[in-house]
Structures are given as C-alpha cells and as structure tokens.
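Just so you know, these numbers come straight off a predicted model, no measurement behind them.
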Amino acid sequence: MYAVIKSGGKQHRVTKDELLKVELLRAEKGATIKIEEVLMVVDGENIKIGQPLVAGASVEAEVVEYGRGEKVRIVKHRRRKHYHKEQGHRQWYTLLKIKAINA
C-alpha cells in the first residue's frame with residue numbers, strides 16, 4: 001500500500017515505515033502530524049485518485065528530526081565585465097517517519 005501526498009509544493013510517494021525529507025514544518029520533535037493533502041491511494045488492485053484530493057484519506061507521520069541540506073553554490077559570472085558573484089544556500093528540512101496510511 002502506498003500514497004501520493006503533497007507537502008511543500010511537491011508531491012511524494014510514501015509507504016508505511018518510510019523516512020521522508022520534506023520542507024520545514026512547524027511541529028515539535030517527536031510529535032505526530034496528520035497530512036490531509038492525499039492525492040492518490042493504492043492498495044493492491046484498489047486505486048483511489050482524488051480530484052484533486054482523496055476524500056477522507058490521510059497519512060500519519062512522526063517528526064524524527066530537523067536539519068539542513070547540502071550547500072548549493074550559486075555562481076553568476078559575466079566574462080570581460082568584471083562581474084563575479086557567489087552565493088550559497090542550505091535548505092531547512094523536516095525528516096518524517098510515515099506511521100500509517102488511512103484510506
């Protein structure tokens with residue numbers, strides 16, 4: 001059984017007991033959150049596709065930790081114009097452990 005959820009403007013395919021990195025969520029470490037934005041649920045031959053969301057479906061997840069991703073280097077350079085600019089960015093994330101998929 002798996003589900004497709006929407007979090008942080010992205011879609012994620014999740015299964016039970018999976019660890020998932022999503023964009024930063026405001027919840028305490030160790031707290032259980034309920035994700036209501038479920039786009040699709042597949043249970044063997046039974047497939048439910050929402051328009052846009054599946055009615056009554058939810059995914060329960062536990063917040064495992066917070067962290068920051070790898071540094072991304074942004075470099076802008078114009079040749080022969082004496083223009084060179086560098087910038088770095090590290091995106092915050094929340095690590096979730098999927099506890100249950102409720103269809």
Side-chain angles (χ1 to χ4, degrees):
M1 178 177 202
Y2 69 89
V4 176
I5 63 170
K6 185 171 130 184
S7 176
K10 299 173 184 69
Q11 296 178 7
H12 304 278
R13 180 184 187 268
V14 297
T15 58
K16 190 172 183 283
D17 296 327
E18 176 184 358
L19 290 174
L20 176 69
K21 278 186 183 180
V22 296
E23 296 214 9
L24 187 64
L25 300 173
R26 298 291 178 193
E28 293 293 322
K29 190 174 179 179
T32 301
I33 61 171
K34 192 173 187 180
I35 301 169
E36 301 283 339
E37 293 184 319
V38 179
L39 304 173
M40 181 171 76
V41 177
V42 177
D43 187 12
E45 295 294 317
N46 188 12
I47 300 172
K48 294 180 186 174
I49 298 174
Q51 295 182 9
L53 303 175
V54 177
S58 65
V59 173
E60 293 180 19
E62 177 187 350
V63 176
V64 177
E65 69 176 13
Y66 294 101
R68 297 183 80 180
E70 293 294 315
K71 181 172 271 195
V72 177
R73 301 295 300 169
I74 298 105
V75 178
K76 295 182 180 182
H77 180 78
R78 298 287 177 250
R79 63 184 187 159
R80 301 186 309 268
K81 304 297 179 194
H82 294 98
Y83 177 78
H84 181 82
K85 182 178 178 180
E86 288 192 26
Q87 185 178 6
H89 176 74
R90 291 181 68 193
Q91 182 67 36
W92 283 96
Y93 69 85
T94 302
L95 186 66
L96 299 176
K97 180 171 181 159
I98 306 300
K99 291 291 185 184
I101 298 172
N102 304 318

Smallest separation among heavy atoms of K34 and S58, with atom names: CE-OG, 3.3 Å

When you look at H84 and V75, which way does the side-chain contact (heavy atoms from CB on, under 4.5 Å) test go after all the steps? CA-CA 7 Å; H84 181 82; V75 178; 3.8 Å; yes

Determine yes or no for a side-chain-to-main-chain donor-acceptor pair under 3.5 angstrom, with R90 supplying the side chain and G69 the backbone. yes

Nearest-0.5 Å distance, NZ of residue K21 to NE2 of residue H12: 12.0 Å

Euclidean distance, L20 CG relative to T15 OG1, rounded to 0.5 Å: 9.5 Å

For V54, does its backbone N or O pair with a side-chain atom of K48 as donor and acceptor, under 3.5 Å? no

Is it the case that one hydrophobic cluster holds both I49 and V59, taking links as side-chain heavy atoms less than 4.5 Å apart, direct or via other members? no

Could you report the tightest heavy-atom contact between S7 and V22, atom names first, then the distance? OG-CB, 3.8 Å

Nearest non-hydrogen partners of Q91 and E23, listed with the distance: NE2-OE1, 3.8 Å

Rounded to the nearest 0.5 Å, how far does NZ of K85 lie from NZ of K76? 5.0 Å

Decide yes or no for D17 and K97: does some side-chain heavy atom of the first lie under 4.5 Å from some side-chain heavy atom of the second? yes

Taking L19 as the starting point, is it possible to reach V63 by hopping between hydrophobic residues whose side chains are less than 4.5 Å apart? no

Are more than 12 heavy atoms from other residues, nucleotides or ligands located less than 6.0 Å from atom CD of Q51? no

Please tell me whether L25 and I5 are part of a single hydrophobic cluster in this structure, the criterion being side-chain heavy atoms less than 4.5 Å apart. yes

State plainly whether one hydrophobic cluster holds both V4 and M1, where clusters connect Ile, Leu, Val, Met, Phe, Trp and Tyr through side-chain heavy atoms under 4.5 angstrom apart. no

Evaluate the side-chain proximity of V14 to I35: yes if any heavy-atom separation is below 4.5 Å, no if none is. no

Heavy-atom side-chain proximity of Q87 to H89 below 4.5 angstrom: no

Would you call L39 and L53 a side-chain contact if the rule is heavy atoms closer than 4.5 Å? yes

With a cut-off of 6.0 Å (strictly less than), are more than 12 heavy atoms of other residues, nucleotides or ligands near CZ of R78? no

Can you tell me how far apart NZ (K16) and CD (E60) are? Round to the nearest 0.5 Å. 10.5 Å

Nearest 0.5 Å, what's the CD1-CZ distance between I33 and R26? 13.0 Å

Is there a path from M40 to I101 through hydrophobic residues (I, L, V, M, F, W, Y) whose side chains come within less than 4.5 Å of each other? no

Does the pair E62/K99 count as a salt bridge with the N-to-O cut at 4.0 Å? yes

